[in-house]
Amino acid sequence: MSLNFQLLIATEESHFLLRLFKCSILTLDSIKDCIAQSFADIFCGKSNIDFFDQRHDGVLPCALQDIIETVGDQCQQQNKDCFSQTKDCNDKRDLRAVFNVLDTMLKDSLERLKTMREGISWAHIGLCGRTFEGSYTQHVAIIRALCLEGKLGASLWLRKKMIWNVVIPDVLTHNYFLNGLCKTGELKKANWLVSEMLYCGPSPNCATYNTLMKGYCLINNVDRALNVFSAMVNSGVMPNRVSCNILVHALCKKGLLEDARKLLKEILDENCDEGRSNLITSTILMDGHFKNGDTMQALAFWDEMLQRGTQMDVISYNVIIYGFCSSRDVTVSYRYLSEMFKSGLIPDVFTYNTLISALCKEGRIDGACYIYSVMSRMGVAPDHISYKMLIQGLCIQGHVIEANEFHVSMLENLIVPEPLIWNSIIDGYGRSGDIQNALSIRDQMVAFGVLPNVDTNFKT
DNA sequence: GTAGGGTTAG
């Protein structure tokens, strides 16, 4: 039997000519398979995105791809569902049934095509010389969503299109751009964006400067962060408590505690009217002193907060618990843990991991396992850090069977272990002479898609 | 609830 199929699909403004078949087809099964594959390629695959990539010669491929993906995710999922449902059609001999399947697919695909066209033409603003479509609110919403997803190329491209159409996104939207750029370490672009804001608007606000300062701190460039701070003050924007905290934290991380205190004093004396009663600033300074090995000074901050009647939170307790754990005084940490419960605060995964870490380092693996059981009873889910410390701690002490129980629990909780964890178990079995299990775990590692590395071996 | 601040391993 020879069939020539040509389907013409009409949309509101344009026609898509889809050549599905121009070949000899022998059975209805192959008709179904071919049609399903063709539709899957056209509507579920990347063919639409490739089309634009080729036409515009890579000028905006990533930007467009991101926009299309963002706009089209939902309808793509609907279409996939349609195909999965058609799999159950087994009436191979019934020509009518095959065409019913075709009808369903075509109807659904036309709907999808319509949605996709709307999405693409929306994303295509300005590219084909069209007028500026869509409302300001819509554009701003999609820009913010793209920024939060880290699709900055696409969002900056939309910003450019908006500006071409003399519509300037507001300062909040610009802060979203800036935040995205800073989080991905693109400080040059971030700096450029702030210059653009100063030059053409909207005027940067306190959050704009704070975001840029934080960006520089993230790449460990505190000097530039301090320059941004000066620029903010010089341009007449008042720093707030967040500005203080960003800089104080960055200076503490560098061990410049005295500089941090001086800066804080200057800022607070000049600008802030909140006094010194800020939990976050005190927590940062307390943490800085603990990490500098100055327990006395750290405790002075804690006591000062108590005297002021500051309501502590989970993070401030985590910092003091970590402080005593790192000075090898887990007993004192337990005291603060108990105080935490008494004051109605619920310890989180940070609290428990801090204790597990300290106990493992001291070789008190039973205590670490006990903390694990407490966190489980309290409904706090262990994360990859909890498992990593317990598994490594148990393997070091030769308890590979118990370590593997945690490993299994990790997999059951859908946490894929990193190579180091697999290697610890493999090595643990090797050291205990259990070659069969060592090899079995290595096979499992590969099956989970984790590539063995140079440390994936074992000594017997 | 449109942006921006503090804690765990290595």
Side-chain angles (χ1 to χ4, degrees), chain A residues 137 140-145 147-148 169-183 190 193 197 202 204-218 225 228-229 232 237 239-250 252-253 260 264 267 272 274 278-291 298 301 305 312-326 333 336 340 345 347-361 368 371 375 380 382-393 417-421 424:
Chain A
T137 320
V140 158
I142 198 83
I143 283 174
R144 290 175 186 180
C147 286
L148 291 172
D170 64 3
V171 64
L172 213 64
T173 310
H174 273 81
N175 289 348
Y176 274 95
F177 288 128
L178 196 64
N179 183 34
L181 291 169
C182 288
K183 289 250 169 80
L193 188 67
M197 289 170 79
N205 63 10
C206 187
T208 315
Y209 288 109
N210 287 350
T211 309
L212 190 60
M213 278 198 296
K214 179 71 184 170
Y216 279 118
C217 291
L218 283 173
V228 174
F229 180 77
M232 163 162 59
V237 176
N240 62 6
R241 177 63 76 165
V242 178
S243 329
C244 304
N245 290 342
I246 292 168
L247 292 174
V248 168
H249 185 218
C252 283
K253 265 179 89 175
L264 191 63
I267 300 173
C272 291
E274 302 168 51
N278 188 283
L279 175 65
I280 297 177
T281 319
S282 299
T283 306
I284 296 168
L285 285 162
M286 184 173 69
D287 182 50
H289 283 294
F290 269 128
K291 285 177 178 160
F301 275 98
M305 282 193 277
M312 307 298 189
D313 66 2
V314 174
I315 300 182
S316 58
Y317 268 103
N318 286 349
V319 166
I320 201 161
I321 287 171
Y322 171 79
F324 281 104
C325 280
S326 52
S333 291
Y336 283 103
M340 205 175 167
L345 294 167
D348 62 8
V349 71
F350 282 76
T351 325
Y352 293 115
N353 284 353
T354 303
L355 290 164
I356 290 173
S357 165
L359 291 163
C360 286
K361 277 181 191 154
I371 295 293
M375 76 191 285
V380 177
D383 64 4
H384 69 286
I385 297 175
S386 335
Y387 282 118
K388 185 176 174 177
M389 293 183 298
L390 287 163
I391 290 170
Q392 280 190 299
E418 57 185 286
L420 186 82
I421 293 179
S424 299

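Atoms considered below: every heavy atom in the structure, side chains included; atoms not considered: hydrogens, waters and symmetry mates. Letters go in sequence order (proteins before strands), and every chain restarts at 1. Nothing here was measured: the structure is a model prediction, and the numbers come from that model.
When heavy atoms are screened at a 4.0 angstrom cut-off, A:Ile280 is found touching base atoms of the nucleic acid. Contact annotation for A:His384: base contact, defined as any heavy-atom pair under 4.0 Å involving a base atom. Base contact: A:Lys388 has a heavy atom under 4.0 Å from a base atom.
In the set B:dG6, B:dT8, B:dG4, the nucleotide with an atom closest to the side chain of A:Val242 is B:dG4. For A:Ser316, counting side-chain heavy atoms from C-beta on, the closest listed nucleotide (B:dT8, B:dT7, B:dG6) is B:dG6. The side chain of A:Asp313 lies closest to B:dG6 when the candidates are B:dT8, B:dT7, B:dG6. Closest contact between the side chain of A:Lys361 and the listed nucleotides B:dG6, B:dT7, B:dA9 involves B:dA9. Closest contact between the side chain of A:Asn278 and the listed nucleotides B:dG5, B:dT7, B:dA9 involves B:dG5. The side chain of A:Ile315 sits closest to B:dT7 out of B:dG5, B:dT7, B:dG4.
With A:Tyr209 as the aromatic partner, A:Lys214 does not meet the cation-pi criteria of under 6.0 angstrom to the ring centre and within 45 degrees of the ring axis.
Of the possible donor and acceptor atoms, one in the side chain of A:Asp348 sits under 3.5 Å from a partner among the backbone N and O of A:Thr351. A:Ser316 places no side-chain N or O within 3.5 Å of a backbone atom of A:Met312 that could act as its donor or acceptor partner.
Per the geometry, CG belonging to A:Leu285 stands 17 Å off P belonging to B:dG5, to the nearest Å. The CG atom of A:Leu279 sits 16 Å away from the P atom of B:dG5 (whole-angstrom rounding). Rounded to an integer number of Å, the gap from A:Gln392 CD to B:dG10 P is 7 Å.
Side-chain N/O atoms of A:Asn240 and base N/O atoms of B:dG5 include no donor-acceptor pair closer than 3.5 Å. At a cut-off of 3.5 angstrom, counting only N and O atoms as typed in the model, there is no donor on one side facing an acceptor on the other between the side-chain of A:Asn318 and the base of B:dG6. Residue side chain A:Thr211 does not reach the base of B:dG4 through any donor-acceptor N/O pair under 3.5 Å, judged by distance alone.
Residue A:Asn179 places at least one side-chain N or O closer than 4.0 Å to OP1 or OP2 of B:dG4. OP1 or OP2 of B:dT7 lies within a sub-4.0 Å distance of a side-chain N or O belonging to A:His249. Using a 4.0 Å cut-off, no side-chain N or O of A:Lys253 falls inside it from OP1 or OP2 of B:dG5.
Scanning for salt bridge (charged side-chain N to carboxylate O under 4.0 Å, His left out) contacts around A:Lys388 gives A:Glu418, with sequence neighbours left out.
When the options A:Val171, A:Leu193, A:Thr173, A:Asn210 are evaluated for a side-chain contact (heavy atoms from CB on, under 4.5 Å) with A:Leu178, the one that passes is A:Leu193.
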